[in-house]
K.L.:
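One structure, as C-alpha cells, below. Some questions next.
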Amino acid sequence: MSDVDEVDETHDPARRSFVESANDPDTEFPIQNLPLGIFSTSRDPVPRIGVAIGDQIFDLKRARSLELLPSSLPSFVFEQTTLNALFGQGRSTLRRLRRCVADLLDRETSADITKRRAADLFAPIDQCTMYRPTDVGNYTDFYAGIYHARAAGALLTPENPLPQNYKWIPIAYHGRASSVQVGRGAIKRPLGQRPPSEPGRAPEFGPCERLDFELEMGFYHSGGNGIGHPIPIGEAGREILGFSLLNDWSARDIQRWEMFPLGPFLSKSFATFVSPWVVTSDALIPFRVAAMERPDGDPRPLGYLLDEADQAAGGIDVDLEVYLSTEQMRSGAAPAVRILTSNARYLYWTPAQMIAHHTVNGCNLEAGDLIGTGTISGPSPQELSSMLELTAAGAKPVGLPNCERRSFLQDGDEITFKGRCSRGGFASVGFGSCTGRISGAAPIVTKEAV
Ligand code: MN
C-alpha cells in the first residue's frame, strides 16, 4: 500500500449518476465502481474499451474522440482492442481516468455534451458482446487459499495434506494463457487419460468424469519490471491495477493421474474463464482488510515477503458466490441455486506477496498478464469452493431443490460466479459474473474413422 491508497471523492457514497440505473442500490456498477472491460455492439463491431455504469457501457473510445477525456491521457490506449496498453501506463493513469470518468458520469458535474451525445456514448450492457479484457501473455495460478490447500490436499494427497513449503512460499504454477476466455460461453468437457482402475493396469481414456470448477479471483499488474528486477514487497501492491472473478476449470481425474511430479497440465489447460469486468484497485480501496492473521506457531514470512503496510491492508474483502443451474432446472424454469459462498479474505498470502515472490528471481511481469489467487475456500463446510471439496471427492453429493444430485459437473450444468464488496458508509460494488455451461466432449476423429 502506498500513501495514495486513500478514500477520495470517487468513493463518496452520496454521488449519483445521470445514468439512473447506476443509482439503484442493487446495481453492481454504481458511479463509485467504474470497472473496465472490452466490448462491441452490433452497430460497431470493433472491440473497444468501456466502463460499466448501471445497466450501460460508457464508450471510452467515443468519449476520447469527442474530446471528453483530458489530453494528458495518452490517446492511443483508447484505440486498442484490449486493455494491455492502458494497463501498461500504470496505476496513476488509471486513477486519473477514474476521476475523469466519475466527473463525466456524475449528475452534478457532467458536461452537457455527455448527455446530448448519450446515444453515441452509451450502449446497454445486455446488448453488447464482451471480450477477454487483456491479451494474456502469461497466466500464473497461485495456491494461496489455505483452506482449499488443506481440504484438497486431504483428498488428493492424504499422506501430506499441506505441503511443508506452504507457509513459506506462495506456491504457484505457470498456467496456459491461450485458453483464457471471458466467462460467458460454453465449456467443452475435455478428453484425457484417467487413472487406472487398479494399480498396475493401463489408464483409461475418454471424456473427463470428474469435471470441476475452482472459485478464484484474478488480478492484473502493470508489469514493466524488466528481467532481473524483482519488485520489492513494499511496492508490489502499488501496481496491481484491478481484480476480476476467475474460474480455473479442472479435470480432477486427469489431474490425479498426470500431476506428479511436475504439477497440473492438461487437467487445467483446456480452459480458464475470467469475468469481463476488471474492478480497479482504486474502486476497491474502501474494501481492503488486513492480511489473514497467521495462527500462533506459523512461521513469520521471510523479509522479502513481509511489509507492514501490506500486512495491515493487503487483504481484500469480497463476498463470493457460486450458482449452479442444471439442464433439468432450466427446462422447469427453476432459477439457478447458490451452492456455496466464500470470501477473498481467506487468502493466506496477499496479492502483493504473490507479486513480490513471482518476481524475486528476476522474472519480468508484463501488462496484461493474468494472475490467479488459487481457489478461495473458507473454514466452514458451506465455503468449500470446488466440487472436489464440497462433495468430499464425490462421496457426499450436493442435493438440489429439484431432487437432482451432483458430485462432479454434468453436461448441461452451468456454473456462475458472483462477487460483491459491501461496507457500511460506502456504495456496494460488484464484479459482474463469470459463467460457463458444460457441453459434451467432442469425439476424436481419427483417419481410420473418416
Ligand atoms: Mn487453480
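Whatever order the structure lists ligands and atoms in, that order sets their numbers, starting from 1.
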K.L.:
So which of Phe243, Phe431, Tyr220, Phe219 actually passes side chain to side chain contact (heavy atoms under 4.5 Å, CB included) with Val278?
P.N.:
Tyr220
K.L.:
Just one of Arg406, Arg437, Arg330 clears the salt bridge (charged side-chain N to carboxylate O under 4.0 Å, His left out) bar with Asp413, so which one?
P.N.:
Arg406
K.L.:
Using the side chain to side chain donor-acceptor pair (under 3.5 Å) rule, pick out the option among Thr140, Asn138, Asn225 that qualifies with His358.
P.N.:
Thr140
K.L.:
Sorted by chain and residue number, which protein N/O/S atoms are under 2.8 Å from the Mn ion (ligand 1)?
P.N.:
Asp141 OD2, Glu214 OE1, Glu216 OE2, Asp248 OD2
K.L.:
Under 6.0 Å between the ring centres of Tyr346 and His148?
P.N.:
no
K.L.:
Among Thr341, Leu320, Ile376, Leu215, find the residue that satisfies the side chain to side chain contact (heavy atoms under 4.5 Å, CB included) test when tested with Glu383.
P.N.:
Thr341
K.L.:
The test is ring-ring contact (aromatic ring centres under 6.0 Å, His included); show your working for Phe273 and Trp249 and say whether it passes.
P.N.:
CA-CA 8 Å; Phe273 276 17; Trp249 296 102; 5.6 Å; yes
